[in-house]
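So that the names make sense, note that chain A is the first sequence line, chain B the second, and so on, each numbered from 1. Given the structure is predicted, the values throughout are model-derived calculations rather than measurements.
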Amino acid sequence: MKNKIARILSDTIRDCISRGLLPEINLPGGIEVEVPGNPEHGDYASNIAMISAAQVKQNPRKIAAVIEANLVDPGNILEKTQIAGPGFINFYIKNSVWQNTLQIIQEKNEEYGRLDIGGAQKVQVEFVSANPTGPLHIGHARGAVVGDVVANLLKNAGYAVDKEYYINDAGNQMNNLGKSVLYRYRELFGEKIEFPENCYRGDYIKDIAGDIMKKEGNKYLISDEEATIRYFTGVAGGVILEGIKDDLRDFGVFFDNYFSERELYKDDGVAELLDSLQKQGFIYSDGETLWFKTTMYNDEKDRVVVRKNGDPTYFAADIAYHKNKYARGYKMIVDIWGADHHGYMPRLWSGIQALGQDKSSLKIILVQLVNLLRAGEPVAMSTRSGEFVTLREVLDEVGKDAARYNFLMRRSDSHLDFDLEVAKKQSNENPVYYVQYAHARICSILKMAEERGIALPEYKDIDPALLREQEEINLMKMMAKYPEMIEGAARTLEPHRITFYLNELAGIFHSYYNKNKVISENEKLTAARLFLLRTVLIVFRNALNILGVGAPEKM
RNA sequence: GCGCCCAUGGCUCAGCUGGAUAGAGCGCCAGACUACGAAUCUGGAUGUCGCAAGUUCGAAUCUUGCUGGGCGCACCA
């Protein structure tokens, strides 16, 4: 609809210029059309006259008047227009236009809101990517949902999206994992162990050690320690990764690919890449270590890629990883990180630019940490001691839908309070139920109609002009806005816009429901309203589907 | 010390990339079921958009400076 108004304006202006009514106007930014905050200012408004006023040095209201008098509206969608304030042109859309969108929604059904701004371009969204040294905790959960929904949004917008989990399984943290298991294993045979600072203490380590003891006995007490650690690392990493996958599955998060960091080192891949970057002058040696000239691309300082001891850094692997991503044909790459990694951004952007890629092709979404509460009181968490609330515990306690919805209610880069007591409360403090309840309520009404022998109407069976209550018009306008909202969310990679939209839509519906009977003696009105509800249902489902939140028929 | 992010009613947050009188939810107060689901609805109070300049027709939004909070500043990942 916004686009239609913009087209009317651009056609009109071109027409006026060619007829000499307006001077030549340049509009590099295109034509802006927006929804005014105040409904008295119409359904849409444009500031075009004010924008061009400065350029052609004329009174904006005068320009607006010329435009308004010569509007080209072939679709005949305008009820009226007005010029207001310093030079706004306000547009009022005919009710019949909103009523017609019902037909579009019904016809498109689950396609309603689907876009093709992506042009089937290959996009990769990489997220979670926790190294498999322990179960996912609440902090990972937010990133998991944001990544999942961003991927859904892009898919819905017409991109060819793959979701990937990068397994950091090559660093010495994994080695510490193997060591931790070994120490617990020895403890099981009665040895007293001073547990080192950098080892993992969670109970899951003991379980893994216990399993190894049960299956393979005591043979690792005497074998070569380094080999044993390597072996235990593999076993533990595998077990933990499987657990992570299980948790993600129950959270509704699925990946197309799990990519192992170790893959990068095969056939000296990392070394060769560093070599070639050195030849191109991006990397230099100071005699002991290799440095990447990230300052070329506005990083604060150059960064080490190969340490004094000869080991490549995480950064070195990450350049190789992103090179690999581009080599797989992805035109746009979305990385989702914890906000505490923000300092790493200039480094990675330097890396991909050295690879010849455009900085804008790598989008990085920072997800702020979650502040976990229980009934308003902070829940103490410490990774070191192994005391943290796991994703599994959250799922068991509050359920998938409430957890996902709560993580999507704020912008990603804003801190989020997650209160376990509130999230599991089935009350008005918990927005997920507000939306789901609206959906269930509609299902219930449609079912009631069927039980009374009223067939669900099709568009051709109804007179949409009967839908003229204020709440009905509001519902139709809101639904007409759905594709625009989705497009905005997809372009900005901001999933929270959907939850805000859903809350508003549910609000309009609940209010409508309380004021008006859908099923009544008036057959024609009943049919029209039932049809309206069918379309509302479609919008709820499509939006909830993108969020990965259930749309229950009863609660 | 340097860099990034944040600051909007009592609380938690939106604000569509510069628009018109700044909005929701929670909490608080007062009301609405013999009516399609009261997990709902209706009405009410609450604001120097952290402070100060600047940019222009117009600023919560952009610039600069300050204040206060978070996070980074590794040859960790």
Sugar-phosphate only, base, or nothing, as touched by [X] at under 4.0 Å among non-hydrogen atoms:
X: A:Val422; answer: nothing
X: A:Asn38; answer: base
X: A:His510; answer: sugar-phosphate
X: A:Ala440; answer: base

Roughly how far apart, to the nearest Å, are [N] and [M] at atom [atom1]?
N: B:A14; M: B:C62; atom1: P; result: 15 Å
N: B:U8; M: B:A22; atom1: C1'; result: 8 Å
N: B:A45; M: B:A24; atom1: P; result: 12 Å
N: B:G3; M: B:G15; atom1: C1'; result: 28 Å

Phosphate OP1/OP2 of [N]: any [X] side-chain N/O under 4.0 Å:
X: A:Arg411; N: B:C6; answer: no
X: A:Ser414; N: B:A14; answer: yes
X: A:Tyr437; N: B:A39; answer: yes
X: A:Tyr434; N: B:C41; answer: yes
X: A:Tyr513; N: B:A38; answer: yes
X: A:Ser511; N: B:U42; answer: yes
X: A:Arg497; N: B:G15; answer: no

* Measure up the A:His439 and A:Phe540 rings against each other and bin them: parallel (under 30°), tilted (30 to 60°), perpendicular (over 60°). =>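 Answer is perpendicular, since the angle exceeds 60°.
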
* Are A:Trp349 and A:Tyr297 an aromatic pair by the rule of ring centers under 6.0 Å? ->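 No, ring centres 6.0 Å or more apart.
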
* Between the base of B:G72 and the side chain of A:Asp340, is there a donor-acceptor distance below 3.5 Å? ->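 No, no donor-acceptor pair under 3.5 Å.
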
* Asked: Could one point to a donor on the side chain of A:His496 or the base of B:A14 with an acceptor on the other under 3.5 Å away?
  ->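 No pair found.
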
* Asked: Has A:His41 got its ring stacked on B:A20, by the test of a centre gap below 5.5 Å and a plane angle below 30°?
  ->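 A:His41 ring centre within cut-off of B:A20 base, planes near parallel; stacks.
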
* By centroid distance (under 5.5 Å) and plane angle (under 30°), are A:Phe88 and B:A20 in a stacked arrangement? ->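 Yes, A:Phe88 stacks on the base of B:A20.
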
* Whole-Å distance between B:G27 C1' and A:Asp417 CG? ->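 One finds 15 Å between C1' of B:G27 and CG of A:Asp417, rounded.
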
* For A:Arg411 and A:Pro495, indicate whether the former's side chain and the latter's backbone hold a donor-acceptor pair under 3.5 Å. =>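 No; zero donor-acceptor contacts below 3.5 Å.
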
* Do the charged groups of A:Glu164 and A:Lys325 touch, with an N to O distance under 4.0 Å? ->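 The answer is no: the pair does not qualify as a salt bridge.
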
* **Of the listed nucleotides B:A14, B:C75, B:A20, the one nearest the side chain of A:Val304** =>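 Given the options B:A14, B:C75, B:A20, the side chain of A:Val304 is closest to B:C75.
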
* Non-hydrogen atoms of A:Pro431 and A:Met409 that approach each other most closely ->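 Here A:Pro431 and A:Met409 meet closest at CG-SD, 3.3 Å.
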
